[in-house]
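Every chain is numbered from 1, with letters handed out A, B, ... down the list of sequences.
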Amino acid sequence: MARLNDEVGALLQEIADLILLTGGDAFRARSYEKAARAVGGYHADLATLDAKGLRDIPGVGTSTAGKITEYLSTGRMAKLDELRAQVPPGVREIMAIPTVGPKTAALIHRELGVSTVDELRAAAEQDRLGDLPGLGEKTAENIRHGIDQLRSGGGRALLDTAMELAEEIVASVGALPECHRCAYAGSLRRMRPTVGDVDVLATAEDSRPLMDALTRLPFVTEVLAAGPTKTSVRTSRGLQIDLRVVPPEDWGAAMVYFTGSKAHNIALRARAVKAGLKLSEYGLFRLTERGDRGSEGEKIASRTEEEVYAALGLPWIPPTLREDRGEIAAALAGELPDLVTVRDIRGDLHTHTDLTDGLAPLEEMLAAAAERGYAYYAVTDHAPNLAMQRMTDEKMLAQRDQVRALDRRYRGMRVLHGTELNIDRDGEVDWPPAFLAGFDLCVASVHSHFRADRDVQTRRLVRACENPHVHVIGHPTTRMLGRRQPIDVDLDAVYAACARTGTALEVNASPERLDLGDEQIMAARRHGVRFAVNTDAHATTHLDNLRYGVGAAQRGWLTADEVVNTWSLTRLRQFLRKRPAG
DNA sequence: GCCGTTTTCGGCCCGACTGTTTTCAGTCG
């Protein structure tokens, strides 16, 4: 549903970047940026809006509405084409390097003739950057480091991008009369935070109509391979899609094989071999005495995943656990965790409104939350130390009055008034205890000093946990997938502090963060830490990101009982009382 | 380019940090 909006948002953002790169008016660029964000997060599909409807989107005026209309009818934006003609595409990628903004990118392009990240890397290695006016050795070093960071993303797609694409393909291919079943597999089904390519599996007697349908999808730009069992294409976003078609009776074995992970499959195959069996994407086979060359032996399971696991003496293992991190031993012992699910979540405890940097007003966020059937919902706008949000005591208290008034309007859903505090370098937060005591809930997060050393980071997070008014540590490592490394912190000390003080760690569901990550969750739960799976929504559409957070939680083996926002309101309120100071 | 109990021009989120400067520009959240 939101794909068109995202697409248009990306184009508007590109206009903004190109305006900055060409030295255009910064306010105009910001205006496009704002419109890009607003369009991306808007609840209604752009295709359903008329000109007036478009202008009702905050930040979209006559000019931008015209460009959107132009794009919907012609597939182009003349303004964008004109700007693109002035700047080689690689220059915009240079701007994506952390610490490199439009001014620096334009300078490098103009003075050195560098127009791709690779050329920039070469220039940096030849020490040609330091000669530029205003650029010294430190800056050159930061650029080198920034390129490494950008490249370490490895061209992998974020989970939401891959998921939306996969769901569209599964819907298209699955709707064909020739198709029996269709689903995505691979690391996407395991809900890994980033996805290298998308694996889609289908069953059909005749694969051709399915393969044809894939290659004809509008966002497919290149067909890399087209055969009867496998077709690979590349999409406009650069992501590779593999569609595999297998006979209906092999669905289960193929799903196991293509879901992986590799390590999980190896462990399964080893188990099969021990039992005199052989596991492949075509099924589980009993090896016959003379069947050592070519002959597969008797097929004993392949139709469903359950059947394949059962034939190996195992219960079905949820895809999010299939990483060879002890799931097979746990399955054998009957100790697989009863994983938390989206349906278990009774409320979101970290969300924003347009009082700070959210896109939607309080009323709209609450309406969207109520529609999800939540039993409670916390509004946690930014606190004043994040200066750009211009929060004041008065604004926060006025919002509280508004929250209390609106709370009465929702029968089944209690609205909690909270805030997202900023943990400063010393572990202090924005407001004094007396003011903090007025909130129902406080999330506290790191938004500054990302490069402070390990001792500083550890101390500030532990101190935040020790604050009796802090209930949840938001996005604890502050990583941004493919863009920013996690802070350097002794997480074991933080886990211990959380367990000791009754502070929950967030599993931030934003596809750009997914923080904490799975392995950290596994480590933290061994300390007895509680968790909160939150969306950090800045728009109504972001509330749907919950499933990515739940995916991360499952990958960390979490059960509902370990997640505070699966609890009843009564139990949650008890948790929020924390213990008194000292 | 957007927006208006400051409406049709003149503002536009603002402060901290970093590195390069020798008083400030660029980037970030």
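- Comparing the P positions of B:dT20 and B:dA25 gives an interatomic distance of 16 Å, to the nearest angstrom.
- Within the nucleic acid shown, A:Glu137 comes within 4.0 Å of sugar-phosphate atoms alone, with no base atom in reach, counting heavy atoms only.
- Salt bridge absent: A:Glu562 and A:Arg530 never bring a charged side-chain N and a carboxylate O closer than 4.0 Å.
- Taking atom P in both B:dT6 and B:dG11, one finds a spacing of 16 Å when rounded to whole Å.
- Summarising the geometry, the separation between OH on A:Tyr32 and P on B:dC3 is reported as 13 Å, rounded to the nearest angstrom.
- Remark: A:Arg547 pairs with A:Met163, A:Glu167, A:Val342 by the side-chain contact (heavy atoms from CB on, under 4.5 Å) rule, at least two apart or across chains.
- Applying the side-chain hydrogen bond (donor to acceptor under 3.5 Å, both in side chains) criterion to A:Arg463, with sequence neighbours excluded, gives A:Glu428.
- For B:dG1, neither phosphate oxygen OP1 nor OP2 lies less than 4.0 angstrom from any side-chain nitrogen or oxygen of A:Arg30.
- Using a 4.0 Å cut-off between charged side-chain N and carboxylate O, A:Arg37 and A:Asp357 make no salt bridge.
- Atom CG of A:Leu18 and atom P of B:dG1 are 14 Å apart (whole Å).
- Within a 6.0 Å sphere centred on CZ of A:Arg76, other residues, nucleotides and ligands contribute 12 heavy atoms or fewer.
- Separating the C1' atom of B:dT7 from that of B:dC3 is a span of 8 Å, rounded to the nearest Å.
- No engagement by A:Arg425 is indicated, since no non-hydrogen atom pair under 4.0 Å with the nucleic acid exists.
- Residue A:Arg451 places none of its side-chain N or O atoms closer than 4.0 Å to OP1 or OP2 of B:dC17.
- Using a 4.0 Å heavy-atom cutoff across all strands shown, A:Phe27 reaches at least one base atom of the nucleic acid.
- Rounded to whole Å, atom P of B:dT21 lies 13 Å from atom NZ of A:Lys138.
- Of the C1' atoms belonging to B:dG15 and B:dT8, the separation is 32 Å, rounded to the nearest Å.
- Atom CZ of A:Arg404 sits in a crowded spot, with more than 12 heavy atoms from other residues, nucleotides or ligands closer than 6.0 Å.
- Of the P atoms belonging to B:dA16 and B:dG10, the separation is 31 Å, rounded to the nearest Å.
- Ion pairing of A:Asp148 with A:Arg144 is absent here, as no side-chain N (NZ or NE/NH1/NH2) approaches a carboxylate O to less than 4.0 Å.
- Partners of A:Glu519 under the salt bridge (Lys or Arg N to Asp or Glu O under 4.0 Å) rule, at least two apart in sequence or in another chain, are A:Arg325.
- B:dA16 atom P lies 13 Å from atom CG of A:Asn422, rounded to whole Å.
- A gap of 27 Å separates the P atoms of B:dT23 and B:dC14, to the nearest Å.
- Following rounding to the nearest Å, A:Ile97 (CD1) and B:dG26 (P) show an atom-to-atom distance of 17 Å.
- Taking side-chain N and O atoms only, A:His449 has a distance below 4.0 Å to OP1 or OP2 of B:dC17.
- Heavy atoms of A:Arg390 sit under 4.0 angstrom from primed sugar atoms or phosphate atoms, though from no base atom.
- A:His542 and A:Asp536 form no side-chain donor-acceptor contact under 3.5 Å, judged by distance and modelled atom types alone.
- Residue contacts for A:Ser448: at a heavy-atom cut-off of 4.0 Å it reaches no nucleic acid atom on any strand shown.
- The distance between atom CG of A:Leu355 and atom C1' of B:dC13, rounded to the nearest whole Å, is 13 Å.
- Taking atom CD1 of residue A:Ile143 and atom P of nucleotide B:dG19, one finds them 12 Å apart after rounding to whole Å.
- Annotation: proximity of residues 110-117 of chain A to DNA chain B (heavy atom, distance under 4.0 Å) is found for no residue.
- Both A:Thr139 and A:Met480 sit near DNA chain B, but only A:Thr139 has its closest nucleotide nearer the 5' end.
- Taking side-chain N and O atoms only, A:Lys67 has a distance below 4.0 Å to OP1 or OP2 of B:dG1.
- Contact check, A:Ser31 against B:dC12: no side-chain N or O comes under 4.0 Å of OP1 or OP2.
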Would you give me the side-chain donor-acceptor pairs under 3.5 Å for residues 99-112 of chain A, sequence neighbours excluded?
from, atom 1, to, atom 2, distance (Å)
A:His109, ND1, A:Val114, O, 3.1

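- In this model, the phosphate group of B:dG15 is not approached by any side-chain N or O of A:Asn385 to a distance below 4.0 Å at OP1 or OP2.
- Near DNA chain B, meaning a heavy atom under 4.0 Å away, the residues from residues 98-108 of chain A are A:Pro98, A:Thr99, A:Val100, A:Gly101, A:Pro102, A:Lys103, A:Thr104.
- Nucleotides B:dG1 and B:dT5 have their C1' atoms positioned 24 Å apart, rounded to a whole Å.
- Look at B:dA25: its Watson-Crick or wobble partner, with both distances under 3.5 angstrom, is B:dT18.
- Looking at which nucleotide of DNA chain B each of A:Phe450 and A:Gly61 is closest to, the 5′-most match is held by A:Gly61.
- If you take CG of A:Asp430 and P of B:dG15, they are 15 Å apart, rounded to a whole angstrom.
- Salt-bridge check for A:Asp488 with A:Arg454: passed, with a basic side-chain N closer than 4.0 Å to an acidic carboxylate O.
- Using a 4.0 Å cut-off between a side-chain N of Lys or Arg and a carboxylate O of Asp or Glu, A:Asp424 and A:Arg460 do not qualify as a salt bridge.
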